[in-house]
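First the structure, in the form of structure tokens, and then the observations on it.
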There are 2 protein chains.
Amino acid sequence: MATRQKTGRPTLTREDLADATLRLLEREGPGGLSMRKVAAEVGVQAASLYWHVQNKEELLDLASDALWEGLEPEPPGAVAAGDDWRATVAEASRRLRAHLLAHHSAVRVLAGRFAPGPRALAPMERLLATLRGAGFSGPDAANAAYTLSTWVQGFVIHEAVPMSAAEERGATPEQASEEARQRLAALPADRYPHLVELAGEISGPGMDTRFEFGLARLLDGLERLRGTGGD
Amino acid sequence: MATRQKTGRPTLTREDLADATLRLLEREGPGGLSMRKVAAEVGVQAASLYWHVQNKEELLDLASDALWEGLEPEPPGAVAAGDDWRATVAEASRRLRAHLLAHHSAVRVLAGRFAPGPRALAPMERLLATLRGAGFSGPDAANAAYTLSTWVQGFVIHEAVPMSAAEERGATPEQASEEARQRLAALPADRYPHLVELAGEISGPGMDTRFEFGLARLLDGLERLRGTGGD
DNA sequence: ACCTGAACACCGTTCAAGT
DNA sequence: ACCTGAACACCGTTCAAGT
């Protein structure tokens, strides 16, 4: 009894499994994930998953691709064409960061699977279009897009991991960053003079500022490559 | 019988456990890791690990910190002081990438744990020293170091994951990147014109070129912030 | 202080069997 | 074509007990 028909959908999709995995990850955190629980989440026995998916590995790959779902394109009207490629790229980067951060628990688990899946294609295409429209050559646009997206993802991993870890321990991000600051400040000043001096700057949590800093440097570097630098 | 004394070392260190975990990860790949196997690797029963470590989570954190071991400082004499901060930072970045890539299997598993542990302190201190020596303010140096290291780590994750995944399937990196290229080239050209056009550039495997591209952009952006742009 | 043996609840995966 | 039940080998973790 209690077969799947009650959901109304004819059969289980691989997408359904990916979504269920992501949902479970957000709800129970890392470690709360198992084939049996994913199966339960979609109303089926664990063994049934192996009809749709080869193994857990493949399920996690599907989930990591599903992470791109819901990343909205920046509104095209909000930004002028031509020379304002900087604003467009900046906005896309900020949206990507915010989107991934909204799934920080999943990011922590899926970080080791960041590889471009089918759902990452559309955002990548948009970024390439912006860059080519700004006058970058094909290879430069490809390299620039790669640099930007690896940076944003690396940034978010570093942001999401302590966030998710602190959450598990029941601490706020502020508490966690204050602890980090104290650890740095307590270091031997003769061996680590700069870490001690800059403990406050290093341990955040001015993450927005830090993101904008990196973004601005990257865009400046790209602008210089592009040849002209004025507005 | 067969107690630990035969190794000569008095007792098991947390460092020993971290090293054993890393060794196991490299040797058996992701999925070949278990408390029982780590215990066997150090010649002990699984239950004994819980004397040294709270749980598997903590063991993996130790291992992710051990990943920084063996990262050699760039030779100070190889690079002139003062204005050649670019060369020093570039060399440090290349060394970090090479070092992490030499542990790509571990990187794939530990990617979701990239947070600064005790062994990451020395490299970070060196980077900060270089940047401050180049004239960056404290906050700028802290932000620049953060940007650089998140980027390198994000880059390496994207490089290591397909590498390690291909290895598991018994394919070479070249085969894997050729497959990726074909998948991109086969996309509908009306929806993804740029991805199709740039399939070759995007799927690599010109990873060295791509790394140098990102590094150059980042350094250019930092140089501009620093104020002057000559040599 | 450090390690073992045995146990518990749970896990990923397979496979013959059902519809 | 899709799902189940039962089974297998293995897992993380606890805990009383040993030395």
Side-chain angles (χ1 to χ4, degrees), chain A residues 1-22 24-25 27-64 108-110 112-113 165 168-169, chain B residues 1-22 24-25 27-64 108-110 112-113 165 168-169:
Chain A
M1 65 177 77
T3 47
R4 278 215 84 253
Q5 300 305 344
K6 66 171 166 181
T7 73
R9 233 193 289 78
T11 43
L12 220 42
T13 330
R14 282 157 61 94
E15 277 211 8
D16 293 337
L17 297 187
D19 294 347
T21 304
L22 224 44
L24 205 60
L25 227 34
R27 175 157 24 99
E28 317 227 333
L33 189 81
S34 76
M35 296 299 269
R36 281 162 152 99
K37 282 188 192 160
V38 172
E41 179 81 15
V42 296
V44 108
Q45 292 304 115
S48 312
L49 298 185
Y50 292 83
W51 177 262
H52 304 275
V53 124
Q54 216 159 17
N55 46 31
K56 194 186 185 183
E57 192 80 352
E58 190 181 335
L59 184 64
L60 289 176
D61 285 340
L62 291 180
S64 86
R108 193 181 167 205
V109 175
L110 302 175
R113 296 171 187 279
E168 256 166 278
R169 307 177 6 231
Chain B
M1 66 178 77
T3 48
R4 279 215 84 252
Q5 299 310 342
K6 66 171 166 182
T7 73
R9 232 192 291 77
T11 44
L12 221 43
T13 330
R14 281 157 62 94
E15 277 210 7
D16 294 336
L17 297 187
D19 294 347
T21 304
L22 223 44
L24 206 61
L25 227 34
R27 174 155 26 98
E28 317 229 331
L33 189 81
S34 76
M35 296 300 270
R36 281 161 152 99
K37 283 188 191 159
V38 172
E41 179 81 14
V42 296
V44 110
Q45 292 304 113
S48 313
L49 299 184
Y50 291 84
W51 177 263
H52 304 274
V53 124
Q54 216 159 18
N55 47 31
K56 193 185 186 183
E57 191 79 355
E58 191 181 336
L59 184 64
L60 289 176
D61 284 341
L62 290 180
S64 86
R108 192 178 169 209
V109 174
L110 303 175
R113 295 171 189 280
E168 257 166 280
R169 305 175 8 231

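No hydrogens, no waters, no symmetry mates; every other heavy atom, side chains included, goes into these values. Lettering of chains follows the sequences in order, A, B, ..., and the numbering in each one begins at 1.
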Next item on the list: Identify the two heavy atoms, one from B/A46 and one from B/R36, that lie closest to each other, and give their separation to 0.1 Å.
Entry: CB-CG, 3.6 Å
Next item on the list: Please report, rounded to the nearest Å, how far the C1' atom of D/dA1 is from the CH2 atom of A/W51.
Entry: 5 Å
Margin query: Is B/H52 close enough to C/dA1 that one of its side-chain N or O atoms is under 4.0 Å from OP1 or OP2 there?
Written below: no
Checklist line | Nucleotide-resolved protein contact map, nucleotides 8-19 of chain D, B/S/- at heavy-atom distance under 4.0 Å | finding: ---BBBBB----
Notebook entry, point to check: Would one find a side-chain N or O of B/S48 under 4.0 angstrom from OP1 or OP2 of C/dT4?
Noted result: yes
Next item on the list: Please tell me if the side chains of B/L62 and B/T21 come closer than 4.5 Å, counting only heavy atoms from C-beta onward.
Entry: no
Notebook entry, point to check: Is a donor on one side and an acceptor on the other found under 3.5 Å between the side chain of A/D61 and the backbone of A/E58?
Noted result: no
Next item on the list: Mind checking side chain to side chain donor-acceptor pair (under 3.5 Å) for B/R27 and listing every partner two or more places apart, or none if nothing turns up?
Entry: B/E41
Note to self: I'd like to know if the side chain of B/D19 reaches the main chain of B/L22, judged simply by a donor and an acceptor atom lying under 3.5 Å from each other, with no hydrogens or angles considered.
What the structure shows: no
Item checked: Which nucleotides of DNA chain C pair, in dot-bracket form (Watson-Crick or G-U under 3.5 Å, | meaning another strand) -> ||.|||||...|||||.||
Next item on the list: State the CZ-CZ distance between B/R113 and A/R108, to the nearest 0.5 angstrom.
Entry: 5.5 Å
Next item on the list: Could you check B/V44, B/T13, B/L12 and say which one makes a side chain to side chain contact (heavy atoms under 4.5 Å, CB included) with B/H52?
Entry: B/L12
Check: Backbone N or O of A/V53 within a donor-acceptor pair of the A/R14 side chain at under 3.5 Å?
Finding: no
